[in-house]
Amino acid sequence: MSPLFVDVTLGIVSGKSLKDTEPDSVAEPDSPAILDPVAELTAERDRLAAENAELQDRLLRSQAEFQNLRRRVEKEKVEWHEYAATEAVRALLPIFDDFERALKTECSDAGYAKGMELIYQRLFEALKKLGLEPIVSLGRPFDPHVHHAVEKMETDQAPADTVLEEYQRGYNFKGRLLRAAMVKVAVQPEAGQ
């Protein structure tokens, strides 16, 4: 097997030995036999450089896309873990409302009423630890993002668009609206009445 010969000026690798590559006659440097291979090699080099640049660009874009996907999946995973209890807490809200209504009614047995109050407080504290936050509505300006107006009442006693009464308390869960408050809203009476 003969050693490989590398022509440094043209970047050509061949299986010929050095003594096999020596020309019988010396070619002129400006002859078309030398310029055509140089032009071809230059064009090939430029084409390969452009292809290399395109592949590098595609690689960088793919890597960036993969990084973005990984970040998005990680963010969704964290959010899922953070808000996994949302539906469980949402299912407990009607029971919590029933507790509040039961505590407002009169009871002849003071011990029973005290026990119900303690159970209500423990449930409320447990839900607060999970991230439940009651929305304070009474006397505040009406906000359609957290209030659901079920009744409007004309009155001079309060400014327009003020919450007069809360029919059902609203709640946030870890900073997100879980349930809007159902409220009665003040409106200004018409001038003709």
Side-chain angles (χ1 to χ4, degrees), residues 53-54 56-193:
E54 180 186 340
Q56 285 286 352
D57 184 56
R58 286 173 57 190
L59 174 67
L60 290 174
R61 288 178 189 275
S62 295
Q63 287 175 337
E65 194 173 308
F66 179 72
Q67 289 290 339
N68 290 339
L69 175 67
R70 199 166 84 205
R71 283 189 206 114
R72 187 171 56 246
V73 166
E74 185 63 31
K75 180 181 173 190
E76 289 173 358
K77 184 178 171 185
V78 166
E79 285 180 357
W80 186 86
H81 283 294
E82 188 172 327
Y83 295 101
T86 303
E87 291 306 314
V89 172
R90 188 186 319 266
L92 289 173
L93 287 182
I95 299 166
F96 197 65
D97 292 338
D98 291 342
F99 250 121
E100 287 180 341
R101 282 190 286 275
L103 290 173
K104 289 179 184 175
T105 61
E106 292 294 322
C107 181
S108 59
D109 188 0
Y112 178 76
K114 179 76 173 164
M116 290 293 285
E117 178 70 31
L118 288 173
I119 293 170
Y120 171 79
Q121 287 299 326
R122 286 185 66 193
L123 177 62
F124 182 68
E125 290 303 316
L127 291 174
K128 252 178 111 171
K129 284 180 185 176
L130 289 174
L132 186 70
E133 306 152 357
I135 297 172
V136 179
S137 299
L138 203 55
R140 301 270 171 106
F142 176 76
D143 181 0
H145 299 290
V146 295
H147 299 126
H148 177 72
V150 292
E151 185 178 351
K152 291 183 179 182
M153 184 175 136
E154 291 183 356
T155 181
D156 288 331
Q157 305 299 319
D161 295 328
T162 301
V163 175
L164 297 175
E165 189 176 340
E166 185 178 63
Y167 295 124
Q168 185 180 53
R169 182 176 282 174
Y171 293 96
N172 287 326
F173 186 72
K174 295 185 179 182
R176 288 186 182 175
L177 182 66
L178 183 63
R179 181 178 75 186
M182 292 199 308
V183 296
K184 180 195 294 185
V185 181
V187 293
Q188 292 296 320
E190 292 183 28
Q193 293 181 357

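The first residue of the sequence shown is numbered 1, and numbering continues consecutively from there.
- Expressed to the nearest 0.5 Å, how far CG of D98 lies from CG of L93 amounts to 11.0 Å.
- Taking every heavy atom of both residues into account, L138 and L164 meet most closely at CD1-O, 3.0 Å.
- Using a distance-only test at 3.5 Å, with no hydrogens or angles considered, no donor-acceptor pair links the side chain of Y120 to the main chain of A102.
- Aromatic ring orientation, Y171 versus F96: perpendicular (interplanar angle above 60°, classes split at 30° and 60°).
- R71 and N68 get closest at one heavy-atom pair: NH1-OD1, 3.2 Å.
- Shortest non-hydrogen contact noted between L177 and N172 is CA-OD1, 3.3 Å.
- The CG atom of L132 lies 9.5 Å from the CG atom of L92; values are rounded to the nearest 0.5 Å.
- Distance check, rounded to the nearest 0.5 Å: CZ of F99 to CD of E117 gives 10.0 Å.
- Atom CD of Q67 sits in a crowded spot, with more than 12 heavy atoms from other residues, nucleotides or ligands closer than 6.0 Å.
- Residues P159 and A186 share a closest heavy-atom pair of O-CB, 3.6 Å.
- Between R122 and E125, no side-chain nitrogen of the basic residue sits less than 4.0 Å from a carboxylate oxygen of the acidic one, so the salt-bridge criterion is not met.
- Between the R169 side chain and the R179 main chain, no donor and acceptor come within less than 3.5 Å of each other.
- Rounded to the nearest 0.5 angstrom, R140 CZ and E166 CD are separated by 11.0 Å.
- The distance from the NE2 atom of H148 to the OH atom of Y167 is 11.5 Å, given to the nearest 0.5 Å.
- Nearest heavy-atom pair, V163 versus S137, reported as atom, atom and distance to 0.1 Å: CB-O, 3.2 Å.
- Between Q168 and D97 the shortest heavy-atom distance is NE2-OD2, 3.3 Å.
- No more than 12 heavy atoms of other residues, nucleotides or ligands shown are found within 6.0 angstrom of NZ on K152.
- Within a 6.0 Å radius of CZ in R101, more than 12 heavy atoms belonging to other residues, nucleotides or ligands are found.
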Check the pair R58 / E54 against side chain to side chain contact (heavy atoms under 4.5 Å, CB included), numbers first and verdict last. CA-CA 6 Å; R58 286 173 57 190; E54 180 186 340; 4.0 Å; yes
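- The CG atom of D161 sits 11.5 Å away from atom NE2 of H147, with the distance rounded to the nearest 0.5 Å.
- Counting heavy atoms from C-beta outward, L60 and Q63 have side chains that approach closer than 4.5 Å.
- Side-chain contact between D156 and Q188 is present, with heavy atoms from C-beta onward closer than 4.5 Å.
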